[in-house]
Amino acid sequence: MKLLHIGIDDTDSPEGMCTTYLASIIINELKENGINIEGNPHLIRLNPFARYKTRGNGAVSFKIAISNKTDINKIKEIVLKNVKEHAMFEHENTNPGVVFYDGEITDKMIDYAFKTIYSLITIKQAEKFANEIGAEIHKFKKGRGIIGSIAAIACPLLDYTYELISYRVKDNYGKKRKINKDSVKLMDKETFPETFENIDGDYIAIEPRTPCPVLYGIRGESVNALEIAKGIVEADETIDSYSIFKTNQHTDMHLRKIDKIANMEKYGCYIVEGIVDDDPHVIEGGHLFFTLKDESGEIEAAAYEPTKDFRKIIKELKKGDHLRLYGGIGCGGTFNIEKIKIISLIANTTYQNPTCNCGKRMTSAGKNKGFKCKKCGFKLPDGEKIAIIEDRNLKEDKFYETPVSARRHLSKPLIRMNINR
């Protein structure tokens, strides 16, 4: 069976719109014209450190089975018309791209998709690649969206999750969302861990904080779990429509294991091991920093203020601790931590003066003269300080992760790694 793959990206902006909503509009109009897509549409999150991303850096794709009776021109007309009507063209960083492709997904295309997640690709490189594979591209303004559109078509989903996204009626855009918080907490209680990242204490994580068309997004392991969850969540406003996307969210697809710190590059996402080279320190704003090193070099690592209590974990680190860090390097060259695994901890050793037989703590008798007791006069001329090893609050061979409210779309939570928090 031949398939027509359609990729769409870069249609939203911080002020509104959502590429998933645009895809939902298109899919619904196609259905009204008797054209159904195969399976669930895909939502593919690209490099979270990309310089020109709008919000979550997510591209969308879907596919349609082609027969002799399929009106391909009608399909393309519906897709392009809706992009022209709904994309946020007025925003300078919104540069939509649409890709149509009716060939096989090749290893070369899969490699391209991973590059868009691991690193940065230019519009020129994407356009050249599209020509090589015979894809039809449509660029609006600068057309940066073709980069993600090709990736969304080609990205394999070996590990995947689903997201159910419900959309608001247009009159409510920009207004306070009316989601019943108690119903969200009940939904989480009834469906966790088949759904996850729903709440973070009193923080309702399914609710966006932007003026986009999304009312809420529930993430889970299956379509069935999401449908059950939707039936529990209550909203005091009209839901216009909803869609369920198959996605690479919460899979750690963006992370590459790397052997040497010196081989890491800006805007890359990595899993890297090293030794803490200095005790963590706080700067103005509540951001916490330390240096991680190995035999090849060193890098500054950070737990920023939005990670909240995760910073307390980082603050417990000491020079000499052996860690594995998960995260990526932003434009400033600092490694942004998503989660850590403690490989080994140095002993937390303090030194005390010896205790006299009378029970009193002894004091120094002078340089190289040992210790003396002020209470009874006893002297210990050859005495040495006593090493006291205190318990660490951290545990070896244990993971620690940022809170839900600060977690990146791609970061795999410990619950999905079958690891207890």
**Request:** Determine the minimum heavy-atom distance between N95 and K142, stating which atoms define it.
**Result:** OD1-N, 3.1 Å
**Request:** Give a yes or no on this: more than 12 heavy atoms of other residues, nucleotides or ligands lie within 6.0 Å of atom CG of D202.
**Result:** no
**Request:** For the pair K175 and E237, find out whether any cationic side-chain nitrogen is under 4.0 Å from an anionic carboxylate oxygen.
**Result:** no
**Message:** Between S405 and D200, do the side chains contain a donor N or O and an acceptor N or O under 3.5 Å apart?
**Reply:** yes
**Asked** Shortest non-hydrogen contact from I314 to A303?
**Response** CG1-CB, 3.8 Å
Side-chain donor-acceptor distances from residues 262-275 under 3.5 Å, at least two apart:
residue: K266; atom: NZ; partner: C331; partner atom: O; Å: 3.2
residue: Y270; atom: OH; partner: E265; partner atom: N; Å: 2.9
residue: E273; atom: OE1; partner: H322; partner atom: NE2; Å: 3.1
residue: E273; atom: OE2; partner: R324; partner atom: NE; Å: 3.1
residue: E273; atom: OE2; partner: R324; partner atom: NH2; Å: 3.0

**Parallel, tilted or perpendicular: rings of F399 and Y326 (30°, 60°)** = tilted
**Request:** Show the numbers, then the answer: is there a side chain to side chain contact (heavy atoms under 4.5 Å, CB included) between T291 and V276?
**Result:** CA-CA 6 Å; T291 303; V276 177; over 6 Å; no
**Request:** Before accepting this row, confirm whether a basic side-chain N of the pair K315/D279 lies closer than 4.0 Å to the acidic partner's carboxylate O.
**Result:** no
**Request:** State, yes or no, whether a side-chain contact exists between K63 and L4 at a heavy-atom distance under 4.5 Å.
**Result:** no
**Complete:** Partner of D252 under salt bridge (Lys or Arg N to Asp or Glu O under 4.0 Å), picked from K339, R416, R408, is K339
**Item:** Check: L323 and K341 side chains under 4.5 Å, non-hydrogen atoms
**Value:** no
**Prompt:** Would K230 count as a cation-pi partner of Y242, with NZ or CZ less than 6.0 Å from the six-membered ring centre and within 45° of the ring normal?
**Reply:** yes
**Message:** Below 30° counts as parallel, above 60° as perpendicular, anything between as tilted: where do the rings of H250 and F196 land?
**Reply:** perpendicular
**Parallel, tilted or perpendicular: ring planes of F289 versus Y304, cut at 30 and 60 degrees** = perpendicular
